[in-house]
Amino acid sequence: MVRRRRMVRDYDPDRPVPPEVRERLLEHAIRAPSAGFSQGWAFLVLAGPADRQRYWDVTATGGPPDPWLQRMGRAPLLVVVLSSKDAYLDRYAEPDKGWTDRDESRWAVPYWDVDAGMAALLMLLTAVDEGLGACFFGVPAERLGAFRTAFGVPADHRPVGCVSVGYPGEDDRRSPSLRRGRRPVEEVVHHGSW
Ligand SMILES: Cc1cc2nc3c(=O)[nH]c(=O)nc-3n(C[C@H](O)[C@H](O)[C@H](O)COP(=O)(O)O)c2cc1C
């Protein structure tokens, strides 16, 4: 399943994601690990055409829809994965963790975003399992405000990315970035010391 996973960027617009598959994606997402079991994630599910169109409208960066957007826009399901830093600061202020000062410098990396990413990955893998395609992509930084307003996202939640899901279309394109090639294990793994 891991080796079969790849980002799918075109979808069959006539095949919706069955509701039970949609539920499984979300059930699996919340099986992701999280620091202190904080689970400071949230998922904005956009399944109806009007909701999905609103997503594309408010995140568009201007100009006519590019081919990427035309293909991605056919996805019958979008799930925006959000993270709450406050949920982690609150959780780690509890007695068993004891970081009552809620000092962010204690955090070597933002685990709230790490955990949201893990949840997104479980959705990507579940999609493979179910014979569907999916793609993770970011919400453009300059559109974050518009996105928040359009969907009533509270200030303490930040979108980490969006997962498009659907049955693969016929015009799928691989990312040009793949030409970079996969870095081999020997190059990225350091045994014992760097
Ligand atoms: C954090 C993150 C952001 C990404 N953003 C985009 C994006 O905006 N548009 C897109 O088409 N793919 C996006 N991708 C997918 C990558 O291009 C893709 O994972 C990479 O090229 C490797 O291809 P594969 O996942 O199909 O193996 C993103 C992936 C990650 C992990």
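Predicted model, so just to flag it, every value in this text is computed and none were measured. Whatever order the structure lists ligands and atoms in, that order sets their numbers, starting from 1. Just so it is clear, the values below take in all heavy atoms, side chains as well, and ignore hydrogens, waters and symmetry mates.
The single protein non-hydrogen atom nearest to atom 26 (O) of ligand 1 is Met7 N, 2.8 Å, given as residue, atom name and distance.
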Could you go through residues 13-33 and list every donor-acceptor pair under 3.5 Å that involves a side-chain atom there, pairing it with any protein atom two or more places apart or in another chain?
residue	atom	partner	partner atom	Å
Arg24	NH1	Glu130	OE1	3.0
Arg24	NH1	Glu130	OE2	2.5
His28	ND1	Thr126	OG1	2.8

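Ligand-side atoms of ligand 1 in range of Phe136: 1 (C), 2 (C), 3 (C), 4 (C), 5 (N), 6 (C), 12 (N), 13 (C), 14 (N), 15 (C), 28 (C), 29 (C), 30 (C), range being under 4.0 angstrom from any heavy atom. Less than 4.0 angstrom separates some heavy atom of Gly138 from each of these atoms of ligand 1: 5 (N), 8 (O). Those atoms of ligand 1 with a heavy atom of Leu178 less than 4.0 angstrom away are 22 (C), 23 (O). In summary, the atoms of ligand 1 found under 4.0 Å from a heavy atom of Phe137, numbered by their order in the structure, are 5 (N), 6 (C), 7 (C), 8 (O), 9 (N).
Comparing Arg179, Arg6, Arg9 against atom 16 (C) of ligand 1, the shortest heavy-atom distance belongs to Arg9. Of the options Ser175, Pro176, Gly161, the smallest heavy-atom separation from atom 21 (O) of ligand 1 is shown by Ser175.
Taking the six-membered ring for Trp and thresholds of 30 and 60 degrees, Phe43 and Trp41 have ring planes inclined between 30 and 60 degrees apart. Taking the six-membered ring for Trp and thresholds of 30 and 60 degrees, Phe137 and Trp68 have ring planes more than 60 degrees apart, a perpendicular arrangement.
Rounding to the nearest 0.5 angstrom, the gap separating the CZ atom in Arg158 from the CG atom in Asp86 is 11.5 Å. In this structure, CZ on Arg6 lies 9.5 Å from SG on Cys135, to the nearest 0.5 angstrom. Remark: Gln70 CD to Arg74 CZ distance equals 7.5 Å, nearest 0.5 Å.
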ring-ring contact (aromatic ring centres under 6.0 Å, His included) between Tyr92 and Tyr88: does it pass, once the steps are laid out?
CA-CA 6 Å; Tyr92 275 70; Tyr88 286 74; 7.2 Å; no
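Polar contact check, Trp68 against ligand 1: a nitrogen or oxygen pair lies under 3.5 Å apart.
Protein non-hydrogen atoms do reach within 4.0 Å of atom 6 (C) of ligand 1.
Within the structure, the closest approach of Arg5 to ligand 1 falls below 4.0 Å when heavy atoms are considered.
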